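Please read all numbers here as calculations on a predicted model, not as lab measurements. Every chain is numbered from 1, with letters handed out A, B, ... down the list of sequences.
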Number of protein chains: 2
Amino acid sequence: MKDPYALFADFVARQKLKMTPQRRQILDVFLAEEGHLTSEELYQKVKTEFPSIGQATVYRTLKLLADSGLAKAVEFGDGAMRYEILYGQSHHDHLICEACGVNVEVVDPAIERLQEEVARRHGFALTGHKLYLYGLCPECRKKRTSSL
Amino acid sequence: MKDPYALFADFVARQKLKMTPQRRQILDVFLAEEGHLTSEELYQKVKTEFPSIGQATVYRTLKLLADSGLAKAVEFGDGAMRYEILYGQSHHDHLICEACGVNVEVVDPAIERLQEEVARRHGFALTGHKLYLYGLCPECRKKRTSSL
DNA sequence: CTAAATGCAAATCATTTGCACAATA
DNA sequence: TATTGTGCAAATGATTTGCATTTAG
């Protein structure tokens, strides 16, 4: 399995685009990060290593990464679009704590299967889905209970 | 079961808010509409009956409706927030055609149950969820096939 | 009469775009 | 050298907010 750089380089070449230092830098930082980054967050981090970079370039590159299949856009409900690494990651959904915001990545094969079935039942060809579960994480449940 | 007006009136009174003609009018139009309205769309419709209304009032009222439990916010992925009637409606998720945009409301009790279970497995108390299924509706599948 | 609501316009916030200039293939 | 990319600033689009004025309770 090729490394992400090679994947992206291939993609860029195939689309007759160009590989630039800013794209390399953005990809670098993006891969080094764990969470689900906002374009703004990524921009801040990249700027420390590459001060001349502009926000627009980050926005544009994030879109490119998503197109290339390396990144995936997820919306958590705060105003901003977030991107997570898709490369080498298996599919997952999100379980989000409404109190503290922690995010757990979850999967349930049975749910996945049932989604396919629901779509089929309506004659749809399923191409993707978004599932966000909202609740209270163990810690926040404790806090809430004790404060009542 | 009380009618939506009474429900909203109660809510407004309970919160020590006031019932105004514009709120009545907005609720009227909102209830008369089927689909998943944008604040802008609702504003346009309301304006024909109540020309002096301002967009801000519609935004504010839509939030109120959501707080009261009469409306529910849903995000379809186009930039704008949409609201659907919650009153008297059973819970459902959305199956959206990526080609033509049609939206089918779907439910699958098994999926609902499994979501609860996934949350429990992680120690979360589930408070809600959002499930959007994306695909191609029967019509668009046909078109796509024939055009290839 | 007093707290809340309205309309308007200006302010935000995230994201996009136009453009002159710079850099890659 | 022909494109494509970049940075910047201005443009956008959805939503919010400040404020002076009206209005419901």
Side-chain angles (χ1 to χ4, degrees), chain A residues 5-6 8-30 36-68 71 73-83, chain B residues 5-6 8-30 36-68 71 73-83:
Chain A
Y5 291 95
F8 188 58
D10 281 6
F11 172 80
V12 162
R14 210 172 328 115
Q15 309 287 305
K16 299 191 201 307
L17 306 178
K18 295 170 180 176
M19 186 54 88
T20 66
Q22 22 278 78
R23 284 180 179 170
R24 266 188 280 271
Q25 181 65 34
I26 291 170
L27 180 53
D28 252 16
V29 176
F30 179 66
H36 308 80
L37 294 160
T38 279
S39 182
E40 171 69 24
E41 292 166 355
L42 189 51
Y43 169 62
Q44 291 305 335
K45 309 225 181 221
V46 170
K47 214 167 41 165
T48 71
E49 295 282 324
F50 201 131
S52 71
I53 203 138
Q55 312 220 36
T57 301
V58 178
Y59 273 104
R60 292 188 271 234
T61 303
L62 237 15
K63 274 224 176 102
L64 258 195
L65 289 177
D67 288 346
S68 80
V74 289
E75 330 164 46
F76 283 14
D78 55 340
M81 185 69 87
R82 291 169 177 282
Y83 290 85
Chain B
Y5 291 94
F8 188 57
D10 281 5
F11 172 80
V12 161
R14 210 173 327 115
Q15 309 286 308
K16 299 189 202 306
L17 305 178
K18 295 169 178 173
M19 185 56 86
T20 65
Q22 22 278 78
R23 284 180 180 170
R24 267 188 279 270
Q25 181 66 36
I26 291 170
L27 180 52
D28 251 16
V29 175
F30 180 66
H36 308 80
L37 295 161
T38 280
S39 182
E40 172 68 23
E41 291 165 355
L42 189 51
Y43 169 61
Q44 291 305 335
K45 309 224 181 222
V46 170
K47 214 168 38 164
T48 70
E49 293 284 323
F50 201 130
S52 71
I53 204 138
Q55 313 220 36
T57 301
V58 178
Y59 274 104
R60 292 189 270 233
T61 303
L62 238 14
K63 275 226 175 99
L64 258 195
L65 288 177
D67 289 346
S68 79
V74 291
E75 330 164 48
F76 282 14
D78 56 340
M81 185 69 88
R82 290 169 179 282
Y83 291 84

Identify all pairs in which a protein N or O lies below 3.5 Å from an N or O of nucleotides 3-5 of chain C, and state each distance.
residue : atom : partner : partner atom : Å
C:dA3   : N3   : B:Lys18 : NZ           : 2.6
C:dA4   : O4'  : B:Lys18 : NZ           : 3.4
C:dA5   : OP1  : B:Lys18 : N            : 3.4
C:dA5   : OP1  : B:Arg23 : NH1          : 2.7
C:dA5   : OP1  : B:Arg23 : NH2          : 2.9

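The overall bend of the helix from C:dC1-D:dG25 to C:dA25-D:dT1, read as the angle between its terminal helix axes built from five base pairs each, is 30° when rounded to 10 degrees.
Remark: A:Ala66 engages A:Tyr83 in a side chain to side chain contact (heavy atoms under 4.5 Å, CB included) (not counting sequence neighbours). For B:Ala80, the side chain to side chain contact (heavy atoms under 4.5 Å, CB included) test picks out B:Thr38, with sequence neighbours left out. Not a single side chain to side chain donor-acceptor pair (under 3.5 Å) links B:Arg60 to another residue, sequence neighbours left out. Legend: residues meeting side chain to side chain donor-acceptor pair (under 3.5 Å) with A:Glu75, ordered by chain and number and at least two apart, are A:Lys130. Listed by chain and residue number, nothing satisfies the salt bridge (charged side-chain N to carboxylate O under 4.0 Å, His left out) test with A:Asp67 (two or more places apart in sequence, or in another chain). Taking the ring pair (Phe, Tyr, Trp, His ring centres under 6.0 Å) definition, one finds that B:Phe76 meets it with B:His36, B:His94, sequence neighbours left out.
For the side-chain hydrogen bond (donor to acceptor under 3.5 Å, both in side chains) condition, the pairs that include at least one residue of residues 40-52 of chain B, sequence neighbours left out, are B:Glu40-B:Gln44. Residue pairs meeting the salt bridge (charged side-chain N to carboxylate O under 4.0 Å, His left out) criterion with at least one partner in residues 8-24 of chain A, sequence neighbours excluded, are A:Lys2-A:Asp10.
Of all nucleotides in DNA chain D, those with any atom nearer than 4.0 Å to a heavy atom of chain B start and finish, going 5' to 3', at D:dA14 to D:dG25.
Taking every heavy atom of residues 43-51 of chain A and every atom of DNA chain D, no pair lies under 4.0 Å.
Using a 4.0 Å heavy-atom cutoff across all strands shown, B:Ala56 reaches at least one base atom of the nucleic acid.
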